[in-house]
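Naming convention: chains lettered A, B, ... in sequence-line order (proteins, then strands); numbering from 1 in each chain.
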Amino acid sequence: MKSAKSLSSFRLGGIHPPENKLSATSPILDLPLPALVTIPVTQNLGAPAKVIVKKGDAVLVGQIIAAAGGFVSANTHSSVSGTVAKITDEVDSSGYKRPTITIKVEGDDWIEGVDLSDALVTDLGLTNQEMMERIVTAGIVGLGGAAFPSHVKLTPPKGKSCDVLIINGVECEPYLTADHRLMLEQGAELIVGIKILMQLLNSSRAVIGIENNKRDAIKQLEQLLESESGIEVTPLKVQYPQGGEKQLINATIGKEVPAGALPIEVGAVVHNVGTIVAIYHAVMKGRPLVERIITVTGKKITKPANFRVRIGTPVSHLIEAVGGLPMGSGKVINGGPMMGRALTTLDAPVVKGSSGILVMDGSESIRREAVACIRCAKCIDSCPMGLAPYLLKIWGERSELERAEDELVMDCIECGSCSFTCPANLPLLDYIRLAKQGVGRMLRERSKS
Amino acid sequence: MSSGKNERLIVSPSPHIAGDETIPKLMYAVLYALIPAAVVSILFFGLDGLRVLLLSSLFCLLVEYLIMRFMLGRSSTLADGSALITGLLLGFNLPSNLPAWMIFSGAVVAIGVAKLTFGGLGRNPFNPALVGRVFLLISFPAQMTTWPLPRFLNFSWGEDAVTGATAISVVKEGLKQGESMDSLLAKLPSLIDLILGATGGSIGEVSAIALLAGGLYLLFKKVISWHIPVSYLLTVAVITGVIWLIDPTKSASPLFHLFTGGLMLGAFFMATDYVSTPMSAKGQLVYGVGCGVLTVVIRLYGAYPEGVSFAILLMNATTPLINNSFKPARFGHQAA
């Protein structure tokens with residue numbers, strides 16, 4: 001094991017919030033099906049999917065209920081067997097109402113052609129095109145949170161090639177352990193998935209980046225990879241936001257993705273470990289993306305857990321599975337405490353991009369009172385993009401959009417390190433988001449004229 | 001247990017957790033870092049030293065409280081610790097025999113003029129303690145440059161102490177009169193005594209070693225970064241070193257320059273004041289070099305024997321310009 005000093009990390013900034021990985025030793029449990037699932041029609045970044053079922057239709061597990069609306073889009077499947085109860089707009093984890101298909105759960109009958117056994121399949125002799133078709137059909141999107149359609153990332157633009165596939169097993173968000181458990185329990189499937197991607201990307205090298213607080217996972221994968229070549233495990237310093245795409249590339253292969261460019265610019269493609277296991281299932285098992293692993297945790301939760309749960313399961317069902325909402329709870333967050341979103345309702349469903357449900361006590365949920373900036377520059381020291389958050393906050397507050405643009409506000413990855421660090425408790429990122437929205441609008445108008 | 005249906009959830013944007021650093025914590029870390037130098041000053045200047053530190057701190061707190069409460073009608077800001085730091089730093093910059101009313105006028109200028117007129121903590125362009133000190137130096141030059149000599153562990157009260165010049169002004173005057181460096185050094189305490197603080201001077205600046213200990217604590221605690229103190233001290237050492245190598249009989253060694261006067265206090269506690277100094281690492285390096293150059297120029301060629309206060313205040317004025325010109329190191333913007 002490498003010593004802490006020699007561990008790689010990204011070049012600029014970063015923080016070390018308390019890790020609070022309360023559920024790190026809880027094995028993944030299959031959560032029983034709820035009575036109803038509410039499946040948002042579109043669960044991907046990009047073009048919306050189109051509903052192809054109607055109220056009253058009987059559906060099977062894995063049946064497409066909304067079809068991809070373009071190349072940068074993804075199919076949405078039923079995660080249960082049952083009857084379509086309604087197709088309405090419902091509040092999802094973003095807090096907005098979105099088109100949603102509600103299905104009354106009647107059973108667990110799958111579509112034809114899915115291999116439901118646990119047996120590891122390493123080769124089916126499929127061509128690249130057949131494998132890609134299976135990935136597209138299965139509706140795979142990035143499970144790390146961004147929910148970007150995976151097949152798009154597997155199709156490098158003309159003239160670009162992928163020299164190295166980077167696998168994101170960092171899980172730098174405090175509390176979350178879904179990826180950790182996945183690497184421990186499904187390492188063999190992960191490795192088959194990595195080989196599929198290396199073949200599709202025509203890449204001879206893959207690097208798995210894992211934060212050094214998951215030594216058991218690092219060891220497990222190193223053992224599984226002993227007789228393999230081309231795939232390496234790189235333990236990384238425990239430093240947030242190590243799992244940010246640009247930060248991870250910088251930490252693992254030392255390259256810096258230019259501002260505004262995609263990782264392929266430096267010859268890299270990054271996929272999350274959960275996505276890769278989903279790709280394994282899609283390609284080798286013919287299994288669409290209908291479930292994911294999710295951490296349900298919080299300081300007041302008696303038994304923090306990791307569940308394998310069907311897409312569309314209401315958050316309230318998950319919370320009941322760990323003993324219900326504790327008295328005095330304040331926030332329920334979809335995701336981790338640094339970048340997750342506070343839910344407005346516990347009826348919101350688990351979607352493809354949900355990595356955790358974090359219940360925070362009322363006392364932890366209230367922001368401290370903000371006082372004047374003392375120009376301590378700790379926000380600058382914490383920023384992984386080398387920005388000056390104190391200044392971006394001022395321009396955001398005053399709607400000085402050109403100045404915010406000049407100060408590179410669009411480079412901000414919204415990791416929240418600045419707000420976390422600020423000793424004056426200033427909501428720096430709130431104002432930076434305002435500035436980003438304004439500058440984004442300005443840029444779109446500029447490109448129109 | 002609850003169904004979740006009627007739960008009232010708190011909703012706010014991420015991040016949902018915050019670090020445990022607060023402004024009072026940072027300010028109190030600075031106060032802890034000043035303790036060694038305060039202890040040494042009481043050891044050497046006895047109850048007179050203690051009197052100055054107490055009065056200066058008390059006056060600064062009082063002025064801040066009165067102005068905030070009665071002139072600005074705002075709630076008290078004493079708890080943030082910043083007025084206490086200004087008070088202690090102002091006291092560090094005074095001779096041990098300064099009359100109370102002068103200390104009070106210094107506190108009024110430091111807190112009232114330099115800090116609160118600009119809007120209080122976070123908005124003052126100049127370091128308040130230094131503004132107070134320079135105000136006193138210009139207004140009462142005789143009293144501000146008459147230094148009681150230290151008397152180790154003598155705790156008699158208010159006795160007329162023997163006064164003398166600081167090491168740095170002995171050297172400056174002597175060299176001007178054409179004396180050789182060797183004969184001047186013979187008149188002065190040994191370098192070891194200068195480093196320990198057994199020398200005449202402002203009460204808190206005499207002990208380089210105690211200040212260095214406090215400064216290292218601040219660095220270790222990540223309250224300050226290394227950029228300003230290191231670039232400041234290094235600049236002074238390099239320039240005075242070159243001059244000394246050219247003619248050691250007519251100039252003081254870099255060690256002498258590093259360990260005398262207000263340099264250690266300035267480099268670790270004054271030039272690193274958050275509010276009045278640049279934000280980016282590069283900017284801080286430029287700022288530190290600027291402080292160093294100005295300090296040496298004033299020490300060697302200026303009318304005053306010591307230049308630390310003026311150097312830092314002048315560089316405070318350049319902070320907005322430096323902030324504009326030296327941005328943080330950016331990610332993803334290097335020319336490939």
* Asked: Is the backbone of B:Gly87 close enough, under 3.5 Å, to the side chain of B:Ser56 for a donor and an acceptor to pair up by distance?
  ->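 Between the backbone of B:Gly87 and the side chain of B:Ser56 there is a qualifying donor-acceptor contact (under 3.5 Å).
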
* **Donor-acceptor under 3.5 Å (A:Thr345 side chain, A:Asp347 main chain)** =>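 Present.
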
With only heavy atoms counted, which part of [X] is less than 4.5 Å from chain B, the side chain, the backbone, both or neither?
| X | answer |
| --- | --- |
| A:Val315 | neither |
| A:Ile15 | neither |
| A:Pro17 | side chain |
| A:Asp381 | neither |
| A:Cys418 | neither |
| A:Phe10 | neither |
| A:Lys246 | both |
| A:Ile366 | side chain |
| A:Leu387 | both |
| A:Met360 | side chain |
| A:Cys373 | backbone |

* **Note, B:Leu9 side chain near A:Thr344 side chain (heavy atom, < 4.5 Å)** =>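 They are not in side-chain contact.
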
Under 4.0 Å between a side-chain nitrogen and a carboxylate oxygen: does that hold for [X] and [Y]?
| X | Y | answer |
| --- | --- | --- |
| A:Asp430 | A:Arg367 | yes |
| B:Lys327 | A:Glu407 | yes |
| A:Glu90 | A:Lys97 | no |
| A:Glu364 | A:Lys331 | no |

* **Option in B:Gly19, B:Gly120, B:Ser12 with maximal non-hydrogen atom pairs under 4.5 Å from chain A** =>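 Of the candidates given, the most pairs with chain A belong to B:Gly19.
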
* **Which of B:Glu21, B:Arg330, B:Lys25, B:Lys222 touches chain A most, by non-hydrogen pairs under 4.5 Å** =>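 The option with the most such pairs is B:Arg330.
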
* **Cation-pi check, A:Lys393 onto A:Tyr431 ring (under 6.0 Å, within 45° of axis)** =>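 Here A:Lys393 passes the 6.0 Å and 45° test against A:Tyr431.
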
* Can you tell which part of B:Leu26 gets under 4.5 Å to a heavy atom of chain A, answering side chain, backbone, both or neither? =>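 B:Leu26 touches chain A through side-chain heavy atoms alone.
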
* Under 4.5 Å from a heavy atom of chain A, the part of B:Asn323 involved ->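 Side chain only.
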
* **Residue that, paired with B:Tyr287, satisfies side-chain hydrogen bond (donor to acceptor under 3.5 Å, both in side chains) out of B:Thr277, B:Thr272, B:Asn316** =>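 Testing B:Tyr287 for a side-chain hydrogen bond (donor to acceptor under 3.5 Å, both in side chains) against B:Thr277, B:Thr272, B:Asn316 leaves exactly one candidate, B:Asn316.
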
* Max heavy-atom pair count under 4.5 Å with chain B, selected residue of A:Ile319, A:Val332, A:Leu343 ->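 Sorted descending by pairs with chain B, the first entry is A:Leu343.
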
* To do: Among A:Ala372, A:Ala259, A:Pro18, A:Cys376, single out the residue with the greatest number of heavy-atom pairs under 4.5 Å to chain B.
  =>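 With the most close heavy-atom pairs to chain B, the winner is A:Cys376.
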
* Asked: Once you round to the nearest 0.5 Å, how far does CG of A:Leu358 lie from NE2 of B:His16?
  ->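 Atom-to-atom, A:Leu358:CG and B:His16:NE2 are 8.0 Å apart.
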
* Is atom OH of A:Tyr96 surrounded by more than 12 heavy atoms (other residues, nucleotides or ligands) closer than 6.0 Å? ->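 No, not enclosed.
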
